[in-house]
Every structure is written in C-alpha cells, then in structure tokens.
Amino acid sequence: MFLFILRRAGVMALTALCMTFIVFLLTNLQPNLEKLAKTQAGSRITDAEVQSWLERNGYAEPILSRYGQWLGVLPGALTLAEDGTPESGRCIRGTTVDSVDEVPRFCGVLQGDWGYSTKFKVPVSEIIGERLARTGLLMFWAFATMVPLALIIGVLAGMREGSATDRTLSTFSIASTSTPEYVSGVIFVVVFASSMVGLRWFTGSAKSAVDGITFENFTLPVATIALYGMGYIARMTRASMAEVMTAQYIRTARLKGVSFRNIVLRHALRNALIAPFTVIMLQFPWLLTGVVIVEALFVYPGFGNALVEGAQNNDIDLLLAVSVVAVVVVLITQLISDIGYAFLNPRIRVT
Amino acid sequence: MAKRDYDGPILEIENLSISFFTRMREIPAVMDFSTVVQPGEAMGLVGESGCGKSTVALGVMQDLGVNGRIVGGSIKFKGRDLNDMTPEELRDIRGSEIAMIYQEPMASLNPAMRVGRQLMEVPMIHEGVSEKEAQARARQVVEDVKLPDPERILKAYPHQLSGGQQQRIVIAMALMANPSLLILDEPTTALDVTVEAAIVELVKDLGKKYGTSMLFISHNLGLVLETCDRICVMYSGEAVETGSIEDVFDKMRHPYTQALFRSIPLPGADKNSRPLKAIPGNFPLPHERPPGCNFGPRCDYFQDGRCNAQEIPMVGIEGDDRHDTRCLRVAEIDWDAPVQAEKTHEKGGFGKTVLKMDDLKKYYEVAANALFGGEKKVVKANEAISFEARESETMAIVGESGCGKSTFAKVLMGLETATDGQILLDNREIQDIAIEDRDTKTVSSVQMVFQNPFDTLNPSMTVGRQIMRALEIFGMGASEAERRDKMLELLDLVKLPRAFADRMPRQLSGGQKQRVGIARAFAGDARIVVADEPVSALDVSVQAAVTDLLMEIQRTNKTTLLFISHDLSIVRYLSDRIVVMYLGHIVETGTTDQVFSPPYHPYTEALLSAVPIADTHVEKRRIVLEGDIPSAMNPPSGCPFQTRCRWKSKVPGNKCETELPPMRDLGDGHRTLCWLDEAQMDEMEPVIKIAAE
C-alpha cells in the first residue's frame with residue numbers, strides 16, 4: 001500500500017510538472033507580457049520601451065529558463081542599477097532592497113514564493129492562502145450538507161425501485177440537478193432574503209462571512225451549491241443501489257433470513273457506494289472552480305473570485321498560482337478516490 | 001427460534017399454481033403442481049429451461065418478486081402453510097429451516113463481505129449466538145465441506161476463491177443452521193465436471209450426515225439419478241411424471257419422459273447404428289400452451305379429439321409406490337416397444353488428411369502490472385499440440401475450462417497466431433497467417449459454430465441477410481439473386497423453413513438460431529468446421545436434433561468436424577477420435593473406443609468417472625479428484641496432472657514431479673502422456689460397466 005502511494009505520488013509530481021509547464025506557457029505568451037509591460041510601465045510606452053522593460057524584469061529570457069526560475073531551480077533574474085544596487089528582478093518584486101546581498105538567489109514555487117500579484121499588490125501566496133481558506137470553508141459546508149443528504153436520498157430511492165418514495169425522491173433529484181446555480185441562487189435570494197417575499201431569514205450577501213460565518217450569511221451560498229451537486233450524486237447512488245438490490249447475493253441474504261433493514265445496511269450499502277464514490281470525489285475539483293458563480297452571486301471573495309480577477313487583469317503570477325492549485329487539488333482528490341475505491345471494493349486490491 | 005419437531009412430511013405441495021403478471025397478461029408459470037418430500041428424502045425436479053422448476057423453488061421460499069404470485073394451492077412445510085405466514089415468520093424459517101443453494105456461486109456471495117462474516121450471519125440472526133460462537137461454528141462447517149485452511153478461507157473475499165470453493169461456501173452457508181430442507185437450484189451447472197463430481201459427492205455425504213431433506217433442481221437426468229431417491233419430471237409448467245428413481249428411469253409412463261431419455265446420448269447410443277431420437281417441434285411459450293395435454297403437439301401417441309379435449313389429471317400407476325403420470329393413454333401405450341430408429345447409416349470411411357498440427361505452441365505474455373511493466377509472466381496456453389484430422393472425420397477435443405481448447409481453436413481460425421509449431425491445412429502452413437491476411441478460400445474452408453447462438457447473430461439483421469453476407473465474404477455466387485438462391489438452399493440444408501429468411505434473430509428459438517449458425521458456417525463449403533460446445537447452451541430435447549443435423553451435413557459434405565466439448569456423453573456418441581487436454585497439454589488421444597476403455601490416462605479416468613450417466617444399468621467407479629485445476633500462470637513442475645493424480649505413488653522415484661512424461665504410443669495410434677509402465681496400465685479397470693439386464 002505504501003509503495004502504491006509512493007508510486008502514485010511520483011506520477012502525480014510528474015503530471016503536475018507537465019501541467020504547470022503548459023499553464024506557464026499559456027499565461028506567458030508574448031502578447032500577455034507586452035500587455036503586462038504596458039500596465040506596469042504606462043500604456044503609452046513605445047515598443048522599444050516595452051522590450052527594455054521586459055528585459056529589465058527578466059521576461060525576455062527563454063521560456064524554459066523563466067519556467068525554471070518560477071519553479072525555483074534556476075537563480076532568479078536580477079537587473080542591477082548603475083550604482084550596483086538591485087533595481088528590478090523577479091525576487092524583489094513588491095519590495096525594495098538596498099544591496100545585492102539581501103536578494104535571495106532563488107525565489108520560485110519550491111522556495112514558497114509564488115510571485116507577486118500585480119492586481120492586489122501583495123505576494124500571491126498571501127492571496128491564495130486567504131482565498132483558499134474561504135472557499136475551503138464554503139466547500140466544507142457544502143459537502144457536509146450535500147453528501148450525506150444525497151446518499152440518504154439515493155439509498156432510500158434505490159432500495160425499493162419503482163415505489164412512491166423512489167418516484168418522489170427521483171423527481172426531486174432531477175429537478176435539483178437540472179436547475180443551474182444562478183437560477184436556484186436567485187430564487188433563494190428572492191424567497192429567503194428579500195422584501196419581495198418578506199421572509200428575510202438569511203442575508204442575500206455573504207460578504208460579512210469574511211469576518212466570520214454565521215447561519216444567516218452562509219446558509220444560502222451553501223444551499224445553492226449543495227442543491228445542484230446533490231441531485232447528481234443522488235441519481236448515481238439510486239441507480240447503483242437499485243442495481244445492487246436486484247443482485248443475486250441480495251436474494252441470498254434475503255433467503256437466509258436477514259431483515260430488510262440489515263440487507264440494506266450490511267449487504268447492499270457498501271456495494272452500492274462503490275460507483276457514487278468516484279462521482280463524489282470528482283465533485284471536488286468541479287466545485288473549486290465552479291464555485292465562481294456562487295461567489296459572484298453572493299459577493300464572497302474566494303478562490304473563484306481570485307481566478308476571475310487574475311484573468312481579467314492579466315495578473316500572470318496569480319493566474320498561474322490559481323491554476324496550479326486547481327491541478328494539485330484534482331490530482332490529490334483522484335489519489336484519495338483511488339485509495340477509497342480499493343477500500344470499498346475488495347476486488348480491486350493494490351499490491 | 002426453536003425448531004419444530006414434526007413427524008409428517010417435510011414439504012407437501014398441493015395443486016400449486018404460480019403466475020407472473022405483466023402489463024399485457026397473466027402468464028402461468030406453474031400449474032397444478034403437487035409433490036411430497038419425506039424426511040431424509042432427496043427429491044429431484046427435472047425439466048428443460050422454462051418448465052417452471054426454479055419457480056417452484058422460489059415459490060417454496062415465498063420469494064417470487066414483485067410480479068409473481070401464488071394463485072392457487074398450498075405449500076405446507078412441516079404441516080404449516082407457507083402461504084399464510086407473515087413476513088416475520090417467513091424470515092425465521094428462511095436460512096434456519098429451509099436453505100437454498102444457487103446456480104452461480106460467485107453471484108450469490110456478497111463480493112464486498114468476507115466469507116466468514118457471511119457464514120456467521122446465519123446463526124447470529126436465527127439463534128442469537130455471540131460473535132465468537134458463530135465464528136467457531138463457521139470454522140466447523142468450513143471444515144465439514146472439506147475446504148483446506150479454514151482460517152484463511154474465513155478471512156477471504158469471495159473473488160479470492162475458485163468456483164468450486166465458492167460453491168462449497170454456499171453449501172456451508174446453507175448448512176450453518178442445520179436446516180430440515182435444502183433446495184438446490186442447479187448447484188453445479190456453472191462448474192466443471194470433475195468439480196461437479198466432488199460437489200455432488202459432498203452434498204450426498206452431508207445429506208446423509210445431517211439427515212436433511214433435499215429438493216434437487218436440475219436439467220441433468222444423470223445428476224438426479226446419482227443424488228436423488230425420487231424424481232419429478234416437469235414439462236411446460238406441469239409435473240408430468242413423478243415416482244421413485246427406479247420406476248421413472250426403468251418403467252417410465254409418460255411420453256415426454258420417454259422422449260427425453262431417447263434424446264440424450266447414453267452409453268450404447270451410436271451416431272450410425274443407434275442415432276438419438278430428437279423430440280419434434282418446440283417448447284410451447286407460456287402464453288401459447290395448447291389445449292389439453294401440453295406435450296400433445298410433440299407427442300408420438302397423440303390422439304386428436306381426446307388428448308386436446310380436456311384437462312389431463314395426474315393418475316397413479318398401480319403396483320408402484322407413489323408413481324403418477326399425467327397421461328390419458330397410459331394403459332394403451334406399449335411402453336416396452338423397442339425404439340424405432342429413424343434411419344441408420346453405414347459407417348463411412350475417412351479420406352485423406354486435411355489438417356495436421358505439429359508441435360503447436362501458443363504462449364501469452366502477461367505483464368504483472370499494466371502501467372509500470374514489472375516482470376512478465378508467460379502463460380502456456382497450448383504446449384506441444386500434435387494431431388491429424390482426416391476428411392469426414394469427427395475429432396473431439398475434450399477438457400475442462402482452462403485446458404487450452406479454446407486457445408487452440410483461436411489459433412486454428414487465425415484469431416491468434418502460433419508461437420511455435422505448424423498447422424498444415426492441405427499441406428499449406430497457416431499457423432502464422434492471421435485471419436485478416438488469409439485468402440478467401442482459406443477463410444471459407446475453416447469455419448466455426450459458436451457456443452452461444454444467442455450472442456453470435458446480429459440482432460438487427462434478418463437471418464437471410466446474415467447468411468447472404470457470409471456468402472458474399474466467401475466469394476460465393478456472382479449476383480445478389482444467385483446468393484439468395486444459395487441462401488435458401490442453405491436454409492433447406494439446416495431444415496429451417498424458407499420463410500425464416502426474412503425473420504429477425506429474436507423471433508427464433510435457441511435451436512433455430514444455432515441452425516442459422518450452422519448454415520453460416522457451411523456457407524462457403526467449409527472443409528473444417530470447429531464446433532465449440534455447439535449444443536451446451538441448448539435444451540436437451542433440442543440438442544439431439546442439432547447434433548444430428550451437424551452429423552448429417554458432415555456426411556454429405558465430407559467435412560472434418562472438430563468438436564470441442566466438456567460433455568463426454570455427447571462426445572462418445574458422435575466422435576470418431578478424441579483428444580483429451582489438460583492444462584495446455586494433450587494427455588491422451590486415440591479412437592473413441594480406445595479412450596473410453598482402459599488403459600486410461602489418469603485424468604481421462606477421473607473425467608469419465610465424473611460424468612453423470614442417466615442409466616440405472618450403468619455401474620461406475622467413483623474417482624473424485626482432490627483440489628482445483630492449477631493456474632496456467634503457475635503450472636506444476638513435471639507432469640501437468642501430478643497435483644491431482646491418484647496413480648502418482650505407483651511411479652518410482654518422483655519422476656512425475658520433476659520430468660514431463662513422454663507421449664507414449666500404446667498401439668494403433670492410442671497415445672498417452674504418462675509415466676506409468678505397461679503392467680500398471682494393464683491393471684486399470686473400466687470406469688463404466690453396463691450391468692446385464
């Protein structure tokens with residue numbers, strides 16, 4: 001098992017390296033860099049000035065060398081002023097230093113330096129950390145509501161296929177999963193948070209949640225995300241459960257006198273969870289990036305919001321960091337998914 | 001729950017009728033079925049698929065699903081009517097008083113639960129015993145069903161066990177609560193013959209040891225003869241004849257029972273001098289049953305206006321013990337009249353050698369890990385296969401699953417290419433030519449009839465179109481019209497009405513589909529036809545007709561037939577020569593008489609002993625093989641059969657374990673792969689003896 005995880009970790013590192021290089025290549029295309037130069041040094045500068053700005057800031061070097069610097073395996077580019085003090089370079093963005101000795105030689109991802117955000121004027125790691133924590137909180141509560149509810153609905157619907165319970169719950173699942181978040185979110189706000197209906201149970205904005213979440217400000221965004229994902233997982237669970245309930249080993253259990261309750265809990269459940277488990281794990285990366293809409297709707301400055309800001313403002317380092325985090329999250333959830341799958345399904349055992 | 005003591009019969013079924021309800025109509029599955037099972041008695045329920053025998057079993061269990069319902073009659077277990085019980089009462093009885101053993105052991109065990117847990121559950125539910133005691137009991141029962149290393153087995157998941165071991169676990173599970181009635185629904189159909197023999201032996205022993213009554217459901221008459229005291233023959237939802245094994249087997253009093261026995265290959269039947277007698281017509285669909293006697297339209301003794309004018313009741317046969325039949329004409333028919341053979345044939349001679357295999361080898365390389373490589377393992381699927389087949393000869397290739405018989409067929413067909421050795425077709429080497437590189441003539445001259453006619457026809461193409469497509473590929477006929485004529489001739493050849501050309505495969509029965517498969521195989525004037533278990537998916541009454549058809553076409557076309565099968569009864573009936581395979585090796589080859597009489601190869605001996613024969617006059621020596629077939633990934637050293645051979649101790653030294661025996665010639669082309677010397681070979685006694693009448 002340990003060897004399996006080690007091997008998977010190796011493959012993951014390799015995948016991450018390839019993925020980050022591709023993202024790096026795409027965000028560092030020449031037009032992007034020129035645009036960056038113009039936003040940083042003034043929009044009316046000449047082409048020659050753009051070129052010299054790029055050179056001074058280390059953007060003119062070959063792409064592989066820049067990628068190496070970003071990773072932190074090559075020394076960071078540094079331009080010295082005529083008096084010998086460091087003038088500009090990737091390791092001193094956003095700070096001022098007086099002598100060369102104070103400048104770190106390497107300043108890449110491996111050293112924990114994710115670069116400097118041109119939009120927010122702070123180091124990227126600060127933004128990422130903060131935003132990830134916020135979105136993480138949102139996702140945690142969304143998952144904590146969505147997964148148990150979806151599994152309960154799916155199991156209840158699937159254990160007696162074709163019954164009234166099944167039809168009711170299935171209708172609900174289909175309805176919930178076919179309502180996009182921007183529709184259900186708006187409906188929620190109108191019904192529960194506006195003077196139009198007058199319920200005013202919750203607040204329509206989650207902006208105050210930045211300072212501390214409360215039942216009032218966090219329920220609607222969580223519910224919006226959970227509702228959409230829930231229907232999907234519930235449908236998968238139901239299909240899987242319904243199939244398991246017709247399996248011959250369920251008949252064996254029934255004919256050896258096991259009660260219906262124990263048939264469902266002891267014999268069917270574990271087998272029925274194998275298929276939806278993968279789906280649940282796939283929801284993680286989807287939520288991380290798909291959360292954009294909900295964050296925008298409820299004015300919650302989270303990870304999705306950072307992605308949008310980064311993309312809109314040509315904030316190369318931020319965009320890069322956001323993408324890398326997304327890639328890493330996908331890879332980690334897939335690893336967990338595979339390990340969990342092997343745990344649920346004894347027929348798949350790692351050797 | 002305390003078990004009830006009861007003196008009367010364990011199970012009394014009276015006039016039971018079960019129907020399934022669909023949106024369209026009510027479909028009666030079982031009608032007016034009555035039977036009694038006494039304590040300690042084993043009752044065999046025999047019939048073809050769709051006759052309602054499994055429905056009876058599920059009816060006893062009261063587990064007919066949403067659509068099934070008992071519409072009449074009673075099922076009394078120890079005097080209490082199961083139909084009137086509440087779900088709680090039923091749950092108490094299921095598993096503790098009545099237990100069931102199923103057809104497919106893998107599917108009937110929970111894949112995500114350890115075997116031990118599944119066993120322990122039974123006493124924990126029914127007797128409320130502690131986990132520790134349940135575990136001790138489970139261990140005991142696993143030992144009772146003769147599984148090695150009980151501790152390991154209890155901790156294993158079902159997929160880690162072989163098919164035979166899984167079935168032993170299912171049996172163990174049924175025995176955990178020491179039930180009064182055991183229902184076995186085709187318990188060995190999914191298993192190999194030698195494994196089947198071991199399981200049957202086990203069930204019989206355990207039945208004696210625990211005094212359990214049994215309801216044994218099977219389509220195999222031989223198996224019922226070996227295991228049961230009484231038998232009930234079912235046809236189309238009704239019991240047609242019931243009585244003791246001796247009465248029904250030797251003094252059958254229903255035309256269906258008689259026809260059934262005449263259509264199965266028993267020792268003594270011969271394709272030339274005493275051919276099988278197929279039952280004409282088809283099994284009626286449940287909603288298209290004829291009026292009166294269900295068997296009427298297929299019966300030789302049918303009388304219009306009488307057999308189809310009234311409901312036929314069960315009547316007792318005087319002088320016999322509880323021997324009943326559902327036939328009006330029981331007193332009028334001369335039951336002892338000798339079988340009138342439809343036609344006999346002269347034994348034809350064989351022509352020149354068509355196919356020659358010389359030292360054929362096929363190895364597969366299997367990587368231990370798909371993604372990262374790792375060490376490669378070699379699976380030796382075929383090892384040194386050599387034989388010759390002549391024109392119009394039937395060559396049977398016999399062996400259990402994993403013996404390499406299908407691999408051999410694939411190499412011959414060109415679906416795989418050989419690793420080493422030669423295949424000569426009319427003196428041309430074809431072992432290295434894959435099917436897509438073969439010329440039309442080679443492709444059309446080596447054809448195949450597949451095992452499962454249900455999957456091998458394209459469901460969205462008419463029967464005629466499929467045959468014409470084959471003709472087109474084989475380059476037969478210059479125009480569409482010519483091919484259509486040829487196709488119609490082929491339908492005549494396989495005795496299907498010409499109107500079938502425009503039918504879809506789903507409108508055909510299993511036997512008819514297999515006829516289409518045969519027509520397709522012979523479309524290009526095939527010289528060699530490989531028939532891979534062509535009748536094993538078909539019902540007994542249809543098997544005879546399809547086999548006869550194959551034989552007849554072979555006779556007229558002078559085709560070489562390679563008949564792959566695990567069923568030695570049918571092999572004995574139709575083959576001229578036999579090749580016995582085990583773990584990729586040919587272990588014995590010779591004419592049918594040579595292989596079926598001593599001296600045997602030890603594996604052939606066990607195989608012959610394992611095949612159930614539905615004839616009370618046959619005496620068989622019991623040779624039960626221990627253990628399972630070794631994996632081809634990890635074959636034993638020396639002789640492939642040494643791990644299960646009972647003759648091993650007779651060979652001096654440990655030659656069997658260290659050296660592969662040579663292929664020895666015992667004279668007249670009878671060859672065997674064994675270390676035993678001639679004196680020991682001569683000591684061998686015949687496995688099957690036909691007692692004098």
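Not measured: the values here are computed from a predicted model. A note on names: the letters A, B, ... follow the listed sequences, proteins ahead of strands, and every chain is numbered from 1.
In this structure, no portion of A:Thr246 lies under 4.5 Å from any heavy atom of chain B. No part of B:Glu88 comes within reach of chain A, as not one of its non-hydrogen atoms sits under 4.5 angstrom from that chain. Heavy atoms closer than 4.5 Å to chain A are found nowhere in B:Ala99, neither backbone nor side chain.
Taking 4.5 Å as the limit, every side-chain heavy atom of A:Arg251 sits out of range of all side-chain heavy atoms of B:Met61.
Between chain A and the residues B:Glu104, B:Glu121, B:Met176, B:Met113, the largest count of heavy-atom pairs under 4.5 Å involves B:Glu121. Note: B:Met173 leads B:Met106, B:Met100, B:Met173 in heavy-atom pairs under 4.5 Å with chain A. By number of non-hydrogen pairs under 4.5 angstrom with chain A, the leading residue of B:Gly95, B:Pro158, B:Ala107, B:Gly65 is B:Ala107. Chain B forms more heavy-atom pairs under 4.5 Å with one residue of A:Asn271, A:Leu255, A:Val258, A:Asn262 than with any other, namely A:Leu255.
Other residues, nucleotides and ligands contribute only 12 or fewer heavy atoms inside 6.0 Å of the CZ atom of B:Arg117. The local environment of CZ in B:Arg69 is sparse, with at most 12 non-hydrogen atoms from other residues, nucleotides or ligands closer than 6.0 Å. Shown here is A:Phe277, whose CZ atom has more than 12 heavy atoms of other residues, nucleotides or ligands within 6.0 Å. Around CD of A:Glu243, the count of heavy atoms belonging to other residues, nucleotides or ligands within 6.0 Å does not exceed 12.
Using a distance-only test at 3.5 Å, with no hydrogens or angles considered, a donor-acceptor pair links the side chain of A:Thr252 to the main chain of B:Ser108. Using a distance-only test at 3.5 Å, with no hydrogens or angles considered, no donor-acceptor pair links the side chain of A:Lys256 to the main chain of B:Ile125.
At a threshold of 4.0 Å, the pair B:Asp63-A:Arg254 counts as salt-bridged, since one of the basic side-chain nitrogens sits closer than that to a carboxylate oxygen.
For the ring-ring contact (aromatic ring centres under 6.0 Å, His included) test, residues two or more places apart in sequence or in another chain that qualify with A:Phe21 are A:Tyr67.
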Using a 3.5 Å cut-off and no angle test, enumerate the donor-acceptor pairs between side-chain atoms of residues 53-60 of chain B and protein atoms at least two apart in sequence or in another chain.
residue : atom : partner  : partner atom : Å
B:Lys53 : NZ   : B:Gly47  : O            : 3.2
B:Ser54 : OG   : B:Asp185 : OD1          : 3.2
B:Ser54 : OG   : B:Asp185 : OD2          : 3.3

